[in-house]
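Every number for a ligand or one of its atoms is a count from 1 in the order of the listing.
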Amino acid sequence: MNVGVIGTGMIGTEHVRRLTSRVAGARVTAVFDVDTTRAVTVGAIAGATVHREAHDVVDDPAVDAVVIASPGDTHADLALACVAAGKPVLCEKPLATTSGAALKVVEAEVTYGRRLVQVGFMRRYDGGYRQVKAALAGGRIGDPLLVHCVHRNVSVPPTFTGDMSLTDSLVHEVDACRWLLGQEIVAATVVDVPHSPLASPELRDPRLVLLETERGIVVDAEVFVNARYGYDVRCEVVGTTGTVALDAPSTGAVALDGGRVQALAMDWQARFAQAYVDELQAWADAVRRGTAEGPSAWDGYAATAVTEAAVASRGTRMRVDLAERPSLYEGQSSP
Ligand code: ISE
């Protein structure tokens with residue numbers, strides 16, 4: 001399967017490396033980036049053709065499937081182009097920056113008649129999250145009542161502005177909770193907390209967000225993108241008879257000088273390294289079988305609708321009014 005990769009920044013470069021050396025049955029044959037020098041360097045990893053425009057990757061007759069890893073505000077347009085060309089696409093999150101734009105992708109796919117879009121919610125492929133999901137599915141903790149989520153980044157680049165802690169970071173908690181609980185989120189409230197002096201005031205960092213599901217489960221999600229000490233993602237589901245908590249991949253514990261230290265990943269590439277490989281492998285396998293099975297365009301739309309409500313919240317409870325879910329997405333909670 002020949003893959004075209006649009007966007008060769010941090011995540012795009014890693015996807016090219018993974019598709020080249022870790023994923024079976026796929027190879028990267030075309031790339032594009034607004035920074036041509038970067039595209040040439042990354043393209044050389046795979047011996048790929050470097051295109052002059054993003055859309056040229058989609059239109060390249062030798063490209064069977066596309067990975068979109070360009071900035072978020074370009075995603076919806078490119079995903080629509082892939083659907084119009086009938087090409088399967090793995091689109092990094094968020095699917096779109098507005099719920100209206102995400103819904104257009106859903107509608108285009110419904111018109112096309114079968115799923116072509118997978119959204120890059122890689123946590124669904126993480127071993128720890130899968131254990132939590134299995135414990136819930138097996139009824140091990142009874143009925144879920146509430147969920148505690150923590151999402152802490154060491155720091156963010158200067159390009160990370162304003163509401164991106166909701167649209168780019170919280171969006172993972174939103175998808176993880178929808179998937180774990182098998183329910184839509186119907187309301188979001190951002191609670192004001194004191195801001196870290198180490199973060200730009202524009203960021204309002206950290207943030208505490210309350211999410212409510214359609215059956216009344218409440219999620220409290222802390223997003224702190226300048227936590228400094230490490231990349232720390234936590235999730236604990238509290239049920240009627242027990243709780244289940246996410247384990248991070250083991251890094252070993254070093255006992256030294258009267259203490260015991262457990263290393264943390266310093267960024268998501270390290271923390272979710274295996275999840276990214278498994279996500280790409282599952283995507284490639286599904287595409288080669290002529291199916292699409294991972295997080296769908298509907299999941300991308302629903303998550304964007306929730307983060308949009310969170311952005312609008314500023315202390316007030318905002319309802320999330322979703323469109324009606326098309327039958328194309330019924331029964332989809334994979335992987
Ligand atoms: C980033 O874009 C990601 O997707 C990471 O998984 C997330 O942890 C980080 O907060 C985002 O900025």
Worksheet item: At under 4.0 Å between heavy atoms, which part of Arg271 makes contact with ligand 1: side chain, backbone, both or neither?
Response: neither
Discussion item. One thing to verify: whether Glu222 and Arg152 come together as a salt bridge, which I'm taking to mean a side-chain N less than 4.0 angstrom from a carboxylate O.
Written reply: yes
Discussion item. Closer than 4.0 angstrom, basic N to acidic O: yes or no for Arg130 and Asp278?
Written reply: no
Worksheet entry | Nitrogen or oxygen of Tyr231 less than 3.5 angstrom from that of ligand 1 | yes
Discussion item. I'd like to know if Asp175 and Arg123 make a salt bridge, using a cut-off of under 4.0 Å between side-chain N and carboxylate O.
Written reply: no
Item to complete: Looking only at protein heavy atoms, identify the closest one to atom 12 (O) of ligand 1 and say how far it is in Å.
Response: Phe160 CE1, 3.4 Å
Worksheet item: Which residue holds the protein heavy atom closest to atom 7 (C) of ligand 1, what is that atom called, and what is the gap in Å?
Response: His151 NE2, 3.4 Å
Worksheet item: In terms of the angle between their ring planes, are His172 and His151 parallel, tilted or perpendicular, with boundaries placed at 30° and 60°?
Response: tilted
Discussion item. Restricting to non-hydrogen atoms, name the atom on Val63 and the atom on Ala30 that form the minimum distance, rounded to 0.1 Å.
Written reply: CG2-CB, 3.8 Å
Worksheet entry | Protein contact to atom 2 (O) of ligand 1 [nearest heavy atom, distance to 0.1 Å] | Lys93 NZ, 2.9 Å
Worksheet item: For ligand 1, which atoms sit closer than 4.0 Å to a heavy atom of Asp168?
Response: 2 (O), 11 (C)
Discussion item. Any carboxylate oxygen within less than 4.0 angstrom of a Lys/Arg side-chain nitrogen, looking at Asp163 and Arg207?
Written reply: yes
Item to complete: Look at atom 10 (O) of ligand 1 and say which protein heavy atom is nearest, naming residue and atom and giving the distance to 0.1 Å.
Response: Ser169 OG, 2.6 Å
Practice prompt. Enumerate the atoms of ligand 1 whose separation from the nearest heavy atom of Met122 is less than 4.0 angstrom.
Written response: 6 (O)
Practice prompt. Would you mind telling me if ligand 1 is within reach of the side chain of Asn153, the backbone, both or neither, using heavy atoms under 4.0 Å?
Written response: side chain
Item to complete: Determine, using heavy atoms of Phe272 and all atoms of ligand 1, whether some pair is separated by less than 4.0 Å.
Response: no
Worksheet entry | Salt-bridge present (Arg319, Glu212; N to O < 4.0 Å) | no
Worksheet item: Salt bridge check: are Arg271 and Asp126 linked by an N-O gap of less than 4.0 Å?
Response: yes
Item to complete: For atom 6 (O) of ligand 1, find the nearest protein heavy atom and state the residue, atom name and distance (0.1 Å precision).
Response: His172 NE2, 3.1 Å
Fill in: ligand 1-proximal atoms of Met164, by part, heavy-atom distance under 4.0 Å
neither
